[in-house]
**Student:** 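Just passing along the structure, written as structure tokens.
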Amino acid sequence: MNYLKLPVWLSGPNSKALAAPILIIMMLAMMVLPLPAIVLDLFFTFNIALSIIVLLTSLYTVKPLDFMAFPIVLLVSTMLRLSLNVASTRIVLTEGHTGPDAAGKVIEAFGHFLIGGNYTVGIVVFVILTIINFVVVTKGAGRIAEVGARFALDAMPGKQMAIDADLNAGLIGEGEAKRRRQEVAQEAEFYGAMDGASKYVRGDAIAGIIVTLVNVIGGLIVGIVQHDMNFANALQNYTLLAIGDGLVAQIPSLIISTAAGIIVSRVASEQDIGGQLLSQLFAKPQVLFITSAIVGGMGLIPGMPHIAFIFLASILAGGGYMLNQRAKAPPVQEESPEAAAAAAAAVAAPEMEEASWQDIVPVDTLGLEVGYRLIPLVDKGQGGELLRRIKGIRKKFAQEVGFLAPPVHIRDNLELKPSSYRITLKGVEVGSGEAHVGQFLAINPGMVSGALPGPATTDPAFGLPAVWIESSMRDSAQSMGYTVVDAGTVIATHLNHLITSHAADLLGRQEVQQLVDYLAKEAPKLVEEVVPKMVPISTLQKVLQNLLAEGVHIRDMRTILESLSEHAARMADPTDLTAMVRIALGRAIVQQIFQSANELPVMALDNRLERLLMQAVQTSGPDGAGIEPGLADSLAMQTAQAARQQEQMGLTPVLLVPGPLRNLLSRFLRRVIPQLKVLSHAELPESKSIRVTSLVGGQA
């Protein structure tokens, strides 16, 4: 048995793709082909229903991007109304002499019932609706869309930098960062499209006036000249049809314009328009009481409609009373386990026990102490996101550096200022700062276009100038070029920076053993041969710490152990072994600094200074104790100057030196120039070319 099947291009996902072309072709056909009155009634009804659907969708939209198709809907609905105007004009001029129902029942209904059959009233109502639509709603929505497009474009760099900061801090993944970047781009495109689409609605309002005048004047000519109607009958008949036709088009246009104004004027939040109105407009009982008193007082004035005013005043007073009672009701709270334990301890009040080994509290490797105002950031019950972000930081650190950082122990500290926090490493403070819950830190990356009001401060992680601002100024700050982050992101970024810079201190004996045990699952023979037969676990720990102290990642543990197995038989000093491991990791070190560049811009030592340093190392040993103080000061000053020139050119400051000098200069210069990288000639891959940008010690 054969069944009738639709073609492939008319079924499945392809049918949705055909909807837009079919609709456009139908609208163009309405402008050319004559339509019967019943078909016009269907299209006019569809136009009204479409405008209502668009209005309700905009009311229940939470964010403007939830209705990204609105500019297209605006254009299509405008073209639909214009097509209906052309089709209705044709039938009004050709069949208008037959009666008011010549153009369909919809136009007749608007002509008779809504304007009372009086063309003078119809003209006034039509003009008022057109003025409201053109002068008030459309013009205001267009202006808001224009300003929104400008601010959205200006804020794009700041928003992109904020996304990159969250990505680098490990707060979000690559997929989430890509989604946010796409959302920022879509927001700018949406407001730009709304700015242009608003012009269509304004043009539609002007076209409605012109079409109505053409229908009236053309109808009079057709009725009097071609159908021998007297002037009064022709004026009344064609004017009612023209005004009815204009109202049928202007009312949906006004609804669509209102929806456009709602979309572009709302502020993004987690509530729709109805929820915002109820939760903000009628949230304060004092406002309702004062309004009730004013309205009730107006109702007592002689000549006023007393019943209406007093009735409304009573409703407002009742609403204010209900809100006041609801605010006074104590919130129902469950007793926390800590409070229950404290109450039980107070009731029991046991005798003081003798001191024991359990009273010794071990020092936390990583600790975060917060003031009481920052507790909501670390309390899951209050929606704190900092715990999740710290988990993301540890995961990103493990993926990039090569070992799992110790857990971060978080607790409150009443000795701190309410909005202060401090980060400890093995019980010693390594960083501190302030964060204000509910506010945002606007960081100046060096290219902002204006100043912001608020307490000036510095970014605790990188020391950049910053300002704490209210949440209402966030978009304005981003449009000026500031990088705007919330309080939780400030703490998380600071913590991530300190964990990365103190990676060598975090790698303890236990972490090294766990790292070796993990590698033994993939390369058991290699681990069995090297650790601890050839290299003790303490020596391996010192080598790994030396690498981490200079920012070298230890993800490639296989290469590290293979290099140690090759050189451990003839040298045992961890510093010498580290130099051999660095040569084995040369490609990874260079890629970490220069990414995928084939030409490496580096600084180098002057030949005379290089010979002096080599002589000092040969006479006094690798610690460089024989270097003259004057030479050391000159070396540090000139290297710092060359490093600043490198950074001004957008390059990473890298100093290329002979192998025997690398460790000495790295330890010496790292204290003066923390961002400086010191490489030896042996660490550079043969496939890379070198470009010397400056010489250090040319005047030494």
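Residue indices begin at 1 and follow the sequence shown. Just so it is clear, the values below take in all heavy atoms, side chains as well, and ignore hydrogens, waters and symmetry mates.
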**Student:** For residues 647-661, run the donor-acceptor check on the side chains, cut-off 3.5 Å, and write out each pair with its distance to 0.1 Å, sequence neighbours left out.
**Tutor:**
from: E647; atom 1: OE2; to: Q675; atom 2: NE2; distance (Å): 3.1

**Student:** Can you give the donor-acceptor pairs under 3.5 Å from side chains of residues 438-458 to other protein atoms, not counting sequence neighbours?
**Tutor:**
from: Q439; atom 1: NE2; to: E470; atom 2: OE2; distance (Å): 3.0
from: N444; atom 1: OD1; to: G446; atom 2: N; distance (Å): 2.8
from: S449; atom 1: OG; to: M480; atom 2: O; distance (Å): 3.3

**Student:** With a 4.5 Å cut-off on side-chain heavy atoms, are R662 and H681 touching?
**Tutor:** no
**Student:** R691 versus V602: any side-chain heavy-atom pair under 4.5 Å?
**Tutor:** no
**Student:** Can you name the nearest heavy-atom pair linking V672 to P674, along with the distance?
**Tutor:** O-CD, 3.5 Å
**Student:** Flag the pair N663 / D576 as yes when at least one side-chain heavy-atom distance between them is below 4.5 Å, and no otherwise.
**Tutor:** no
**Student:** If you define the side chain from C-beta out and look only at heavy atoms, does anything of V437 sit under 4.5 Å from L377?
**Tutor:** yes
**Student:** Just wondering, do L515 and L544 contact through their side chains at under 4.5 Å, heavy atoms?
**Tutor:** yes
**Student:** Under 4.0 Å between a Lys/Arg side-chain N and an Asp/Glu carboxylate O for R558 and E562?
**Tutor:** no
**Student:** How far does CD of E434 sit from OG of S420, to the nearest 0.5 angstrom?
**Tutor:** 4.0 Å
**Student:** Would you check if Q182 and K178 make a side-chain contact, meaning some heavy-atom pair closer than 4.5 Å?
**Tutor:** no
**Student:** Does R180 form a salt bridge (Lys or Arg N to Asp or Glu O under 4.0 Å) with E183? I'd like the steps, not just the answer.
**Tutor:** CA-CA 5 Å; R180 290 190 184 181; E183 184 175 344; over 6 Å; no
**Student:** Taking atom types as modelled, find out whether S680 and R582 have a side-chain donor-acceptor pair closer than 3.5 angstrom.
**Tutor:** no
**Student:** Would you say the side-chain atoms of Q638 pair up with the backbone N or O of G697, donor to acceptor, closer than 3.5 Å?
**Tutor:** yes
**Student:** For F397 versus A503, what's the shortest heavy-atom pair and its separation?
**Tutor:** CZ-CB, 3.9 Å
**Student:** Which residues satisfy the side-chain contact (heavy atoms from CB on, under 4.5 Å) test with R509, sequence neighbours excluded?
**Tutor:** I537, S538, Q541
**Student:** Treating S634 as the side-chain partner and G630 as the backbone partner, does any N or O pair qualify as donor plus acceptor under 3.5 Å?
**Tutor:** no
**Student:** Tell me whether T489 contacts the main-chain N or O of V485 through its side chain, where contact means a donor paired with an acceptor under 3.5 Å.
**Tutor:** no
**Student:** Would one find more than 12 heavy atoms of other residues, nucleotides or ligands at under 6.0 Å from atom CD of E415?
**Tutor:** no
**Student:** The criterion is side chain to side chain donor-acceptor pair (under 3.5 Å); which residues satisfy it with R411, sequence neighbours excluded?
**Tutor:** none
**Student:** Would the distance check show the side chain of K677 and the main-chain N or O of V590 forming a donor-acceptor pair, the cut-off being under 3.5 Å?
**Tutor:** no
**Student:** Given side chains that start at C-beta, do those of L609 and L631 come closer than 4.5 Å, heavy atoms only?
**Tutor:** yes
**Student:** Report the C-alpha separation of L564 and L577 in whole Å, then their side-chain angles, then the decisive distance to 0.1 Å, and conclude whether the side chain to side chain contact (heavy atoms under 4.5 Å, CB included) test is met.
**Tutor:** CA-CA 7 Å; L564 291 176; L577 290 174; 3.9 Å; yes
**Student:** Would you list the atom pairs, donor with acceptor, under 3.5 Å between side chains in residues 368-375 and any protein atom, with sequence neighbours excluded?
**Tutor:**
from: E369; atom 1: OE1; to: N413; atom 2: ND2; distance (Å): 2.8
from: E369; atom 1: OE1; to: R422; atom 2: NE; distance (Å): 2.7
from: E369; atom 1: OE1; to: R422; atom 2: NH2; distance (Å): 3.1

**Student:** Whether the side chain of K426 engages the backbone of D505 through a donor-acceptor N/O pair (distance < 3.5 Å, no angle test) should be reported.
**Tutor:** yes
**Student:** Cut-off 3.5 Å, side chains only: do S694 and Q645 have a donor facing an acceptor?
**Tutor:** no
**Student:** Run the salt-bridge test on D606 and R611 with the 4.0 Å N-O cut-off and return the result as yes or no.
**Tutor:** no
**Student:** Say whether, by atom type as modelled, one donor and one acceptor occur between the side chain of N546 and the main chain of K542 under 3.5 angstrom.
**Tutor:** yes
**Student:** Do Q513 and D517 get their side chains close enough for a donor-acceptor pair, meaning under 3.5 Å?
**Tutor:** yes
**Student:** Can a donor-acceptor pair be found, under 3.5 Å and without considering hydrogens, that links the side chain of T539 to the backbone of V535?
**Tutor:** no
**Student:** With sequence neighbours left out, write down each residue that passes side-chain contact (heavy atoms from CB on, under 4.5 Å) with A584, or none if nothing qualifies.
**Tutor:** T559, S563
**Student:** I'd like to check L498 versus L366 (side-chain heavy atoms, cut-off strictly below 4.5 Å). Are they in contact?
**Tutor:** no
**Student:** State the CZ-CZ distance between F403 and R555, to the nearest 0.5 angstrom.
**Tutor:** 13.0 Å
**Student:** Just by distance, do the side chain of H553 and the backbone of E400 share a donor-acceptor pair under 3.5 Å?
**Tutor:** yes
